[in-house]
Structure formats: C-alpha cells, structure tokens
There are 2 protein chains.
Amino acid sequence: MARALDVVSSRSALLIMREAFYGTTRFDDFAERADISAPVAAARLRELVEDGLLEREPYREPGQRTRMSYRLTDKGADLVPVLVALMQWGDHWLQPAGPPVILRHRECGETVHAELSCAAGHQVSADDLELAVGPARS
Amino acid sequence: MARALDVVSSRSALLIMREAFYGTTRFDDFAERADISAPVAAARLRELVEDGLLEREPYREPGQRTRMSYRLTDKGADLVPVLVALMQWGDHWLQPAGPPVILRHRECGETVHAELSCAAGHQVSADDLELAVGPARS
DNA sequence: CCGTATCCACAACGATACTG
DNA sequence: CAGTATCGTTGTGGATACGG
C-alpha cells in the first residue's frame, strides 16, 4: 500500500484519475473538471503516463493539427474500485446533499457500489476480517 | 470525492488509517509501523481525530499512568474498502513478491478482496458502468 | 512511553505570463 | 487548444531536542 501511495497519494493525481474514469481525454478538460491549474495538470498527467496509469495517444481530426488524448490503461482502470470506494465514502460522510454522480450497472440499471467480498462470494464487513501474514512479509 | 481527498489525500493519513485498521492503537506503534516520524504521526493523529475518523480514548493499566489509545470510529471504519482496494492494487501492480498481508473472511476462511457490485448482486467490472447525474450535481 | 517544539527541506499547488 | 516557465505560498515530512 505504501508503494501505491507513492503513485497516487496526491490530491491532483486521484482527481485526474477520476476524470479519466469519467471519460475525459483532453488536457483542458482535465484541468477544468478536476479544478486544478494547468501546470499541475501537466505535471500530473506526465507522471501518470510515466507510471503507466494513463497512455498518451496522438489523434487528428480532419483538417486539424495533431492533438494528444489521455486514456486509462489496464493498470489505471484497475484503480477504479479505489475511486469508487472513495466517492462513496465522501458522498456518505462529507456530502450533505447526496451523491453528485451515480453509477449504474449497464446491464440491469441498478446502482453500483464498492464492497468487500470473499472468494466464496459472501459479502464481508470490516470486522469480519482476519489478517494473515502473506508471502512477501519481511 | 474532492472532499474525501481533503481529509485523506496525504500519504501519512492513509498509512495511519491502515495501521488503525490492522489494530494498532498506540502512538509509538503508529509511528513505527507506518514508518513515519513522531511529529508527523502526532499531527496526523490529531487531524484524524478532529475529522472524526479516529477517537482518542484514555485507558489505564493497573499501576500505570493514563495512556491514550486511538481507535477507528464508524466513519473511519467505513474507509476500509478504500484501504483494501488500494492494497490490492499495490499488491497486484507494484509488489513483485506478492501481498505482504492477506485478508480472510472470518467465517469461511476465504480470501477477501474489494470489488464493485450492483444492488441486484451482480459483480460489475469498470467498463460495465454507466454514469448518471445525481441530485447534488450543481 | 507519549508526545511537543523547533527548524529545515522538498513537494504540491495556484497565479500569472507566455508559446506553438 | 495544449501546453511550458517562473514565482510565491502552503503542506508534508524528517531530524533533533526536549518535557510529562
């Protein structure tokens, strides 16, 4: 987890990732929607590309010059549960007016949330957890 | 989510929360296990108590003077899915040796992970998501 | 053992101005 | 539109030293 935090522990990094998850691809849109300044957006986008969470892809609209678009890689998309869990927590505890954005399952239309579950499919609450030392524990 | 990040966007805050989740309650243990300096631990613990994620509770062992212990509040415990999702991501993408800590379901012994699911009980992947504007969208 | 006080370094961020 | 350059401010964090 400490390593994960080295990559995404800054406010702007998570906000950029949220926007990428929302489907934002263009520089100015990242800056505006995440409400961060352009220099910060530039720095963060560069780092996130370096770390393999986003990929820069040139594209060209007919008659326009080449632009860059930023999209989630698999590594970046795998961070979505973190983003959703964070939104959920913020909506529940810090947002009096209720969630500004609602996530739905495309197939059935039901609302989506992040939760803990075990390999047997049970839903797990935080105090049903047992901790065990894994292979990489020094 | 931006509000959530105002509370927990710092590296040390999440590491402290992880330790609290692991069951750490004492000042020195927080500093040592999260590998942060004592002043930072003190500052972060104070802020997390102010924000209602942890609660300070005096306790006294027989014959000892009063000590303080820090424990998760409901608000803090509700952050556990975020922590688990973050660990999972770090273990998968940044930790070549595999997970240092394994979480198990107390009842059935199976490993636990964070995932997205919908109100109908389906497991949901990141690209099965649809975004809708919620009540608090300005 | 449980912190606090001080000082310092560096990272994060915003504002502004500028370029292709 | 898509950035870069520079500057100043604040936040985050380590080191050290100190007090209950």
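Here is how names work: the chains are called A, B, and so on, in the same order as the sequence lines, proteins then strands, and each is numbered from 1. Everything numeric in this text was worked out from a predicted model, so none of it was measured.
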Should we count CD of A:E32 as having more than 12 external heavy atoms under 6.0 Å? no
Which listed nucleotide (D:dA2, C:dC13, D:dG13) is nearest to the side chain of A:V40? C:dC13
side-chain N/O B:R44 vs D:dG13 OP1/OP2, d < 4.0 Å: yes
A:D6, CG atom: more than 12 neighbouring heavy atoms under 6.0 Å: yes
Can you measure B:L15 atom CG to D:dT12 atom C1' for me and round it to whole angstrom units? 13 Å
For A:L45 and C:dA12, what is the distance between atoms CG and C1' respectively, to the nearest whole Å? 15 Å
Proximity to the side chain of A:R46 - top-ranked nucleotide from D:dT4, D:dA2, C:dG14: D:dT4
Treating B:K75 as the side-chain partner and B:D51 as the backbone partner, does any N or O pair qualify as donor plus acceptor under 3.5 Å? yes
On DNA chain D, nearest-nucleotide positions of A:A42 versus A:R67: which is more 5'? A:R67
Just verifying a value: how many Å separate A:L103 CG and A:T111 OG1, rounded to the nearest 0.5 Å? 9.0 Å
No-hydrogen, no-angle side-chain donor-acceptor test under 3.5 Å, A:E115 and B:S117: yes
Proximity to the side chain of B:S12 - top-ranked nucleotide from C:dC1, D:dG3, D:dG13: D:dG13
Given C:dC1, D:dT4, C:dA5, identify the nucleotide with an atom nearest to the side chain of B:P39. C:dA5
Between D:dT4, C:dT4, D:dG13, spot the one nearest the side chain of B:F27, thanks. C:dT4
Between atom CD1 in A:I16 and atom C1' in C:dA12, what is the gap in whole Å? 13 Å
Calculate the interatomic distance between A:M68 atom CE and D:dA2 atom P; express it in whole Å. 11 Å
Name the nucleic acid region contacted by A:Y70, choosing base, sugar-phosphate or nothing; use a 4.0 angstrom heavy-atom cut-off, strictly under. sugar-phosphate
Within the 4.0 Å heavy-atom criterion, would you say A:D35 contacts the bases, only the backbone, or no part of the nucleic acid? sugar-phosphate
Is any side-chain N of the basic residue among B:R71 and B:E57 closer than 4.0 Å to the acidic one's carboxylate O? yes
Provide, to the nearest angstrom, the distance between the CZ atom belonging to B:F30 and the C1' atom belonging to C:dT4. 18 Å
Atom CG of A:D6 and atom C1' of C:dC10 are separated, to the nearest Å, by 15 Å
Answer yes if B:V80 and B:I102 sit in the same cluster of Ile, Leu, Val, Met, Phe, Trp and Tyr residues linked by side chain heavy atoms under 4.5 Å apart, and no otherwise. no
Among C:dG3, C:dC13, D:dA2, which nucleotide has an atom closest to any side-chain atom of A:R26? D:dA2
Using C1' atoms of five pairs at each end, report the bend of the helix from C:dG3-D:dC18 to C:dG20-D:dC1 rounded to 10 degrees. 30°
CZ of B:R33 versus P of C:dC2: gap in Å, rounded? 11 Å
C:dC13, D:dG13, C:dT4: which one has an atom nearest the side-chain heavy atoms of A:R11? C:dC13
Start with the C-alpha distance between A:Y70 and A:R56, add both sets of side-chain angles, then the distance that settles side chain to side chain donor-acceptor pair (under 3.5 Å), and finish with yes or no. CA-CA 5 Å; A:Y70 299 85; A:R56 241 167 94 97; 3.1 Å; yes
Atom-to-atom span, CD of B:E47 to P of D:dG13 - whole angstrom: 9 Å
Among C:dT4, C:dA12, C:dG14, find the nucleotide with the atom closest to the side chain of A:I36. C:dG14
